[in-house]
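None of the values given here were measured: they were computed from a predicted structure. The figures that follow rest on heavy atoms only: side chains count, while hydrogens, waters and symmetry mates do not.
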Amino acid sequence: PIFIEIKDKVTQIKLVDLAVTVEIEDAEEKILSTQQTQQKGESYVFEHKFPKGGDYTIHTAFTYQNQEQDFYCQKHTQ
């Protein structure tokens, strides 16, 4: 499983009860998966089996204070 914590930029308080969508793309920018996360405590969790070692980008999107928010992170698998 992959765990994501989302915090308010100003207060650094963890945000809970959000509908969080993740999208995983490979190095060629091909979308491999789009899915909703599940909340586990103060984190959001999802699972993905990466098809091979390499570089992947995980895009995360959610709505907070009536505004759509997003961010991404890079992941390298062996």
Side-chain angles (χ1 to χ4, degrees):
I2 299 171
F3 291 82
I4 299 172
E5 287 185 352
I6 300 174
K7 296 181 180 180
D8 182 282
K9 291 179 183 179
V10 176
T11 64
Q12 294 299 302
I13 294 173
K14 292 179 186 175
L15 304 179
V16 295
D17 299 325
L18 302 173
V20 179
T21 303
V22 294
E23 183 177 272
I24 300 170
E25 66 181 42
D26 64 14
E28 287 82 39
E29 298 182 358
K30 177 182 173 190
I31 297 171
L32 304 177
S33 174
T34 300
Q35 58 184 293
Q36 294 290 323
T37 62
Q38 295 181 338
Q39 188 172 333
K40 301 280 186 181
E42 295 181 328
S43 297
Y44 298 90
V45 180
F46 68 98
E47 292 192 30
H48 181 78
K49 182 175 180 175
F50 293 92
K52 61 182 178 178
D55 295 321
Y56 297 90
T57 302
I58 301 171
H59 296 273
T60 305
F62 57 95
T63 301
Y64 177 58
Q65 296 181 337
N66 296 320
Q67 293 185 344
E68 291 186 24
Q69 307 284 321
D70 60 39
F71 64 90
Y72 69 93
C73 64
Q74 303 291 122
K75 178 167 180 60
H76 180 77
T77 62
Q78 298 288 331

> What are the two closest heavy atoms between Gln36 and Ala19, and how far apart are they?
OE1-C, 4.2 Å

> Other residues, nucleotides and ligands only: do more than 12 of their heavy atoms fall within 6.0 Å of CD on Glu29?
no

> Less than 4.5 Å apart, side chain to side chain, heavy atoms only: is that true for Tyr56 and Pro51?
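Contact flag for Tyr56/Pro51 side chains = yes.
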
> Tell me whether the rings of Tyr72 and His59 are parallel (<30°), tilted (30 to 60°) or perpendicular (>60°).
tilted

> What pairs meet the salt bridge (Lys or Arg N to Asp or Glu O under 4.0 Å) rule with one or both residues in residues 46-58, with sequence neighbours excluded?
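For residues 46-58: none.
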
> For Gln38, which residues count as a side-chain contact (heavy atoms from CB on, under 4.5 Å) partner, sequence neighbours excluded?
Lys40

> Looking at Lys14, is its backbone amide N or carbonyl O close enough to the side chain of Gln12 to form a donor-acceptor pair, meaning the two atoms are under 3.5 Å apart?
no

> Any sub-3.5 Å donor-acceptor pair from Tyr44's side-chain atoms to Val22's backbone N or O?
no

> Of all heavy-atom pairs between Asp8 and Thr11, which one has the smallest distance, and what is that distance?
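Taking every non-hydrogen atom into account, OD1-N, 2.9 Å.
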
> Can you measure from NZ (Lys75) to NE2 (His48) and round to the nearest 0.5 angstrom?
10.5 Å

> Going only through I, L, V, M, F, W and Y residues with side-chain contacts under 4.5 Å, is there a path from Ile6 to Phe3?
no

> Write down the atom of Phe50, the atom of Ile24, and the distance for their closest heavy-atom approach.
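The answer is CE2-CG2, 3.9 Å.
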
> Please name the pair of heavy atoms, one in Thr57 and one in Gln74, separated by the smallest distance, quoted to 0.1 Å.
OG1-OE1, 3.1 Å

> Passes side-chain hydrogen bond (donor to acceptor under 3.5 Å, both in side chains), Thr63 versus Glu68? Steps please.
CA-CA 4 Å; Thr63 301; Glu68 291 186 24; 5.4 Å; no

> Hydrophobic clusters here meaning ILVMFWY residues chained together by side-chain heavy-atom distances under 4.5 Å, can you tell me if Phe71 and Ile31 are in one?
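No.
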
> Less than 4.5 Å apart, side chain to side chain, heavy atoms only: is that true for Phe62 and Ile4?
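A side-chain contact under 4.5 Å is absent here.
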
> Return the CG to CG distance between Asp26 and Leu32, rounded to the nearest 0.5 Å.
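The distance works out to 4.5 Å.
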
> Under the side chain to side chain contact (heavy atoms under 4.5 Å, CB included) rule, what do Glu23 and Thr21 come out as? Steps first, then yes or no, please.
CA-CA 7 Å; Glu23 183 177 272; Thr21 303; 5.8 Å; no

> Write down the atom of Ser43, the atom of Glu5, and the distance for their closest heavy-atom approach.
OG-CG, 3.7 Å

